[in-house]
Amino acid sequence: MGTPDFAVPALVALHDAGHDVACVYTQPPRPAGRGKKLRPSPVQAKAEELGLPVRHPKSLKGEEAQAEFAALGADVAVVAAYGLILPQAVLDAPAHGCLNIHASLLPRWRGAAPIHRAIMAGDEQTGVTIMQMEAGLDTGPMLAKVTAPVLDKTTGELTAELADLGANAMVEVLADLENISAQIQDDALSTYAPKIDKAEARIVWSRPARDLVRHVHGLAPFPGAWFEIAGANGPERVKLLRAEFVDGIGKAGEVLDDDLTIASGNGALRPVILQRAGKPSMDRGDFLRGRPITKGTVLK
């Protein structure tokens, strides 16, 4: 049970390990592209490529959908970023319940955006937790943990890494499921990772530069942290997809040199990868050749 790219490695790993995948559940196809044609989720596309049966109900709250799920007679349900609430009847249907690949070291960062929040908070390490699902939000007993350093990775890079780690961890857990002792989470240590709001994406230059670099990396590639520059037809939005902390002092938002070093509330940062609206992402040199930003400019 999964939907985005994050869940694909788990599906492939389960299939390659020889498990009998009774059915793949994913969210319904969504309109995409200029023609707004329905596009299947990455998990559905991979399941069909593997020749596996796929279901994509809009909800699992109805009795009919729950009965269809229970009729599979599954030993266990593997869940990875599915995106639908699993009612208690679904959680209870498989013989060993539902096991979730959660992209944090629980109980830290329960919720929808654990990878973004770990990077934005400056965590030195994160990881994945294999968890027995229950009615609470990511509160269930833990069966395994795997750690990974955050370093200067973006959310996109860390998501891909944790997807592979989680897939391998799930295969290992299933291979020894009956001998694993579950560990109860300490609720007192929990933190919450709310869904990313697009309103968070605007760069506030008065913040410390180190915080801004983490902000940029945590929101890359989506929704992308952004600032504005003056354009011929009004302000133009520019996304900043990677940045580095550098020495520099000036007014918050002030461009300190011709290499786009930008002062913040404390220190300075230098963009590494940028993206203009409707354009592909590019490194700083290519960006400045096409759109110079002169020393002394104050960015908004």
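The two atoms that bring Asp152 and His217 nearest to each other are O-ND1, 3.5 Å, heavy atoms only. The two residues His56 and Gln44 come nearest to each other via the heavy atoms CD2-OE1, 3.5 Å. Pairing each heavy atom of Val171 with each of Ala17, the nearest pair is CG1-CB, 4.0 Å. The minimum heavy-atom distance linking Ser59 with Ala65 is given by the pair O-CB, 3.9 Å. Scanning all heavy atoms of the two residues, the minimum distance from Phe69 to Arg55 falls at N-NH1, 4.0 Å. Closest approach of Leu174 to Val78, counting heavy atoms only: CD1-CG2, 4.1 Å.
Residues Leu288 and Leu240 share a hydrophobic cluster, clusters being chains of Ile/Leu/Val/Met/Phe/Trp/Tyr side chains in contact below 4.5 Å. The hydrophobic clustering, which links ILVMFWY residues whose side-chain heavy atoms are closer than 4.5 Å, places Ile293 and Leu212 together. Under a hydrophobic clustering in which Ile, Leu, Val, Met, Phe, Trp and Tyr are joined whenever their side-chain heavy atoms come within less than 4.5 Å, directly or via other members, Val150 and Phe6 fall into the same cluster. Cluster membership for Val216 and Val246, using ILVMFWY side-chain heavy atoms within less than 4.5 angstrom, is not shared. A single hydrophobic cluster is seen to contain both Val79 and Leu72, as judged by linkage of ILVMFWY side chains at heavy-atom distances under 4.5 Å, directly or through other members.
Heavy-atom contacts from other residues, nucleotides or ligands closer than 6.0 Å to CZ of Arg202 number more than 12. Taking a 6.0 Å sphere around CD of Gln88, one finds it holds more than 12 heavy atoms contributed by other residues, nucleotides or ligands. By the 6.0 Å contact criterion, CZ on Arg30 is enclosed, its count of non-hydrogen atoms from other residues, nucleotides or ligands being greater than 12. Atom CG of Asp197 has more than 12 heavy atoms from other residues, nucleotides or ligands within 6.0 Å. The number of heavy atoms from other shown groups lying within 6.0 Å of CD1 (Ile249) does not exceed 12. In Ile85, the CD1 atom is not crowded: 12 or fewer heavy atoms of neighbouring residues, nucleotides or ligands sit closer than 6.0 Å.
Electrostatic pairing of Arg108 and Glu124 does not count as a salt bridge here, judged by no charged N lying under 4.0 Å from a carboxylate O.
Between Pro141 and Gln132 there is a side-chain heavy-atom pair separated by less than 4.5 Å. Residues Pro87 and Val90 are in side-chain contact: their nearest non-hydrogen atoms beyond the backbone lie under 4.5 Å apart. The shortest side-chain heavy-atom distance between Ile262 and Leu260 falls under the 4.5 Å cut-off. The shortest distance between side-chain heavy atoms of Ile196 and Pro223 falls below 4.5 Å. Using a 4.5 Å heavy-atom cutoff, the side chains of Trp205 and Val298 are not in contact. Contact annotation: the side chain of Ile180 never approaches that of Ile130 to less than 4.5 Å [non-hydrogen atoms, C-beta and beyond]. With contacts defined as side-chain heavy-atom distances shorter than 4.5 Å, the pair Ile203/Leu299 does not qualify. Side chains of Leu60 and Met1 form a contact here, defined as non-hydrogen atoms less than 4.5 Å apart.
Here the straight-line distance linking atom NZ of Lys300 with atom CD1 of Ile229 works out to 14.0 Å at 0.5 Å rounding. Between atom NE2 of residue His102 and atom NZ of residue Lys145 there is a gap of 10.5 Å, rounded to the nearest 0.5 Å. To the nearest 0.5 Å, atom CD of residue Glu134 and atom CG of residue Asn100 are 11.5 Å apart. Interatomic distance, Ile115 CD1 to Leu162 CG, rounded to the nearest 0.5 Å: 5.0 Å. Rounding to the nearest 0.5 Å gives a distance of 9.5 Å between CG of Leu177 and CG of Asp75. Here Leu143 contributes atom CG and Leu99 contributes atom CG; the two are 6.0 Å apart, rounded to the nearest 0.5 Å.
Counting only distance, with no hydrogens or angles, the side chain of Asn168 and the backbone of Asp164 share a donor-acceptor pair below 3.5 Å. A donor-acceptor contact shorter than 3.5 Å is absent between the side chain of Arg117 and the backbone of Tyr192. Put simply, the side chain of Gln275 gets close to the backbone of Lys279: a donor and an acceptor are under 3.5 Å apart. Here the side chain of Asp259 pairs no donor or acceptor atom with the backbone of Thr261 at under 3.5 angstrom. At least one donor-acceptor pair closer than 3.5 Å links the side chain of Thr129 to the backbone N or O of Leu106. In this structure, the side chain of Glu236 does not engage the main chain of Glu228 through any donor-acceptor pair within 3.5 Å. For the pair His215 (side chain) and Glu200 (backbone), a donor-acceptor distance under 3.5 Å is present. Under the 3.5 Å distance criterion, the side-chain polar atoms of Lys239 are left unmatched by any main-chain donor or acceptor of Ala220. Using a distance-only test at 3.5 Å, with no hydrogens or angles considered, a donor-acceptor pair links the side chain of Arg284 to the main chain of Pro271.
The side chain to side chain contact (heavy atoms under 4.5 Å, CB included) test with Val24 singles out one residue from Leu14, Leu50, Val43, and that residue is Val43. Looking at Asp138, Thr191, Asp123 one by one, the single match for side-chain hydrogen bond (donor to acceptor under 3.5 Å, both in side chains) with Trp109 turns out to be Asp123.
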*Given Gln185 and Thr139, is the side-chain hydrogen bond (donor to acceptor under 3.5 Å, both in side chains) satisfied, shown in steps?*
CA-CA 7 Å; Gln185 294 189 42; Thr139 58; 5.9 Å; no
_Please determine whether side chain to side chain contact (heavy atoms under 4.5 Å, CB included) holds for the pair Thr3 and Tyr82, giving the CA-CA distance in whole Å, both sets of side-chain angles, and the decisive distance to 0.1 Å._
CA-CA 5 Å; Thr3 297; Tyr82 181 29; 3.8 Å; yes
*What do the steps show when you test Ile119 against Thr154 for side chain to side chain contact (heavy atoms under 4.5 Å, CB included), and what is the final call?*
CA-CA 8 Å; Ile119 293 174; Thr154 66; 5.7 Å; no
*Can you check side chain to side chain contact (heavy atoms under 4.5 Å, CB included) on Arg276 and Phe287, steps first, answer last?*
CA-CA 9 Å; Arg276 297 175 67 181; Phe287 177 89; 3.4 Å; yes
_I'd like to know whether Arg110 forms a side chain to side chain contact (heavy atoms under 4.5 Å, CB included) with Asp187, so could you lay out the CA-CA distance, the side-chain angles of the two residues, the decisive distance to 0.1 Å, and finally the verdict._
CA-CA 10 Å; Arg110 295 172 177 172; Asp187 291 342; 2.7 Å; yes
